[in-house]
Structure formats: C-alpha cells, structure tokens
Amino acid sequence: IGEGECELCERFIRLTKHHLIPRSTWPRILPRLQNAAFALERGDEERCNRILGSQETHLIPALRSSENHRATIRSILQRTCEVCRPCHSMIHKTHNNLTLAMEYNTVDQLLEDEAIKKFCRWASKQKPGKHAHK
C-alpha cells in the first residue's frame, strides 16, 4: 500500500489518519496496558492474557520485548492507519470507540468485520470523486 492509497479499500485517494485505538478511549485502555506490562514483568503471562482479553493478545510480544514499557505503551496507543474519508466514516458508523479499541485495533481486525469488508469491496470499485488525491 503506497502513499495516497487507502489501507482498507486500496484506492488512490486523499487520506485521513485513523487511530487504531481511538484517543477518547486512552484513559480507559492505558491502565489495562500498564497492568498487562506489569504482569509480564513478573512473569505472569496468564494474568496478562486475562487483562488484555483474546482480541488484544497480539500486543503481548511488544510489551514483553520492551525494557521501557512506558514508551511501548505510548507507541501502541498512538498507532494509526491511513484510510480514505468514506472508509474512516464507515469504521466509526459500524462500531463505537470502545469496541474499536478492544476488538478492532489492527487493520486486519477491521477487515475481518463483515460490514467493513463489504463496504471496502464496494468502495474499491468507486471513483474517488470529491475525495480525489490532489
């Protein structure tokens, strides 16, 4: 996926940044990530799994490999993807921010959602229109 290409529908179009963990959820998600990192630090991977839940276990390797958990957690929270405005709007119409943060915090997880996948297949066939890359 190149610059100017939506990571969901793959059209060459003007892009917006979508926070994979929406900023409005950071106060709620931050303590969970800190507690998970602390559990890993003590060698309690089972507790870490319970804290994160099944949808966020992909974060464990990043938390485990880091000496500086604070910086790692900040980088996890600040991850973005570049999507076009129509796809960005569809993401937020489909799920509330907390659901996005907990269950759909990677591009692959977003594309696993049937409604988003269906929209992206449709959008990929549309002309950019008013959202064309200038």
Side-chain angles (χ1 to χ4, degrees):
I1 299 207
E3 187 172 329
E5 191 172 326
C6 175
E7 292 186 49
L8 295 179
C9 70
E10 299 181 345
R11 291 185 294 168
F12 192 75
I13 194 168
R14 269 192 313 216
L15 301 175
T16 62
K17 286 197 184 299
H18 168 67
H19 283 89
L20 292 166
I21 298 177
R23 291 186 319 189
S24 66
T25 66
W26 289 4
R28 188 161 179 183
I29 299 297
L30 179 63
R32 292 182 69 213
L33 292 173
Q34 290 170 330
N35 290 336
F38 185 64
L40 279 176
E41 211 171 83
R42 291 182 315 206
D44 193 350
E45 190 161 336
E46 185 179 321
R47 179 167 168 70
C48 178
N49 283 330
R50 280 197 316 270
I51 291 168
L52 291 178
S54 62
Q55 293 292 327
E56 294 177 322
T57 54
H58 66 279
L59 300 174
I60 291 174
L63 291 172
R64 182 183 291 123
S65 67
S66 174
E67 294 280 325
N68 184 352
H69 293 300
R70 186 179 206 153
T72 301
I73 290 169
R74 183 172 299 283
S75 71
I76 289 170
L77 290 174
Q78 293 176 341
R79 289 180 308 157
T80 62
C81 64
E82 295 190 347
V83 295
C84 63
R85 172 48 50 201
C87 287
H88 200 160
S89 295
M90 182 60 180
I91 290 168
H92 288 285
K93 283 180 191 169
T94 307
H95 299 289
N96 65 45
N97 283 345
L98 191 57
T99 302
L100 290 172
M102 307 274 283
E103 298 177 25
Y104 297 99
N105 53 43
T106 67
V107 172
D108 290 337
Q109 287 172 331
L110 287 169
L111 287 170
E112 287 174 9
D113 180 84
E114 268 315 304
I116 293 172
K117 188 189 320 183
K118 183 178 176 183
F119 178 83
C120 291
R121 272 197 307 266
W122 172 82
S124 69
K125 299 172 190 167
Q126 306 307 305
K127 292 181 182 175
K130 70 179 181 180
H131 301 287
H133 191 53
K134 295 181 180 179

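- Salt-bridge check for E112 with K117: failed, with every basic side-chain N at 4.0 Å or more from each acidic carboxylate O.
- Note: W26 and H19 have perpendicular aromatic rings, judged against thresholds of 30 and 60 degrees for the angle between ring planes.
- Separating the CZ atom in F12 from the CD atom in E5 is a distance of 8.0 Å, to the nearest 0.5 Å.
- Hydrophobic clustering, with ILVMFWY side chains joined whenever heavy atoms are under 4.5 angstrom apart, groups W122 together with M90.
- No more than 12 heavy atoms of other residues, nucleotides or ligands sit less than 6.0 Å from atom CZ of R47.
- Two residues are said to be in side-chain contact when any heavy atoms from C-beta on lie closer than 4.5 Å; K17 and E82 meet this criterion.
- The minimum heavy-atom distance between C6 and C84, with the atom names listed, is SG-N, 3.3 Å.
- Residues E114 and K118 are not paired through a salt bridge, judged by the lack of any N-O separation under 4.0 Å between the basic side chain and the carboxylate.
- Atom OG1 of T80 sits about 11.0 Å away from atom CZ of R23, to the nearest 0.5 Å.
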Margin query: Between T25 and N97, is the side-chain hydrogen bond (donor to acceptor under 3.5 Å, both in side chains) condition met? List the steps.
Written below: CA-CA 7 Å; T25 66; N97 283 345; over 6 Å; no
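- Using modelled atom types, no side-chain atom of T99 and backbone atom of H95 make a donor-acceptor pair closer than 3.5 Å.
- One finds the CD atom of E7 at 10.0 Å from the CG atom of D108 (value rounded to the nearest 0.5 Å).
- Placement of I116 and L98 in two distinct hydrophobic clusters is found when ILVMFWY residues are connected by side-chain heavy-atom separations under 4.5 Å, directly or transitively.
- Residues L52 and L33 meet the side-chain proximity criterion, which asks for heavy atoms closer than 4.5 Å.
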For residues 34-42, tabulate all N or O donor-acceptor pairs below 3.5 Å that involve a side-chain atom, not counting sequence neighbours.
residue, atom, partner, partner atom, Å
N35, ND2, P31, O, 3.2
E41, OE2, H69, NE2, 3.2

Exercise for the section: Kindly indicate, with the supporting measurements, whether the criterion side-chain contact (heavy atoms from CB on, under 4.5 Å) is fulfilled by I91 and D113. Expected result: CA-CA 10 Å; I91 290 168; D113 180 84; over 6 Å; no
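- When atom types are taken as modelled, the side chain of R11 and the backbone of A123 share a donor-acceptor pair closer than 3.5 angstrom.
- Checking side-chain atoms of S89 against main-chain N and O of P86 turns up no donor-acceptor pair under 3.5 Å.
- Between E45 and R64, some side-chain heavy-atom pair lies under the 4.5 Å cut-off.
- H92 places a side-chain heavy atom less than 4.5 Å from the side chain of L100.
- Note that the CD1 atom of I29 and the CG atom of N105 stand 8.0 Å from one another [nearest 0.5 Å].
- At a threshold of 4.5 Å between non-hydrogen side-chain atoms, the residues L110 and L20 count as touching.
- Interatomic distance, CE of M102 versus CD of E56, reported as 5.5 Å (0.5 Å rounding).
- Paired with C48 under the rule side chain to side chain contact (heavy atoms under 4.5 Å, CB included), one option of L59, I60, T57 passes, and it is I60.
- Taking NE2 of H18 as the start and CZ of R79 as the end, the distance is 10.0 Å to the nearest 0.5 Å.
- Using a 4.5 Å heavy-atom cutoff, the side chains of L30 and L77 are in contact.
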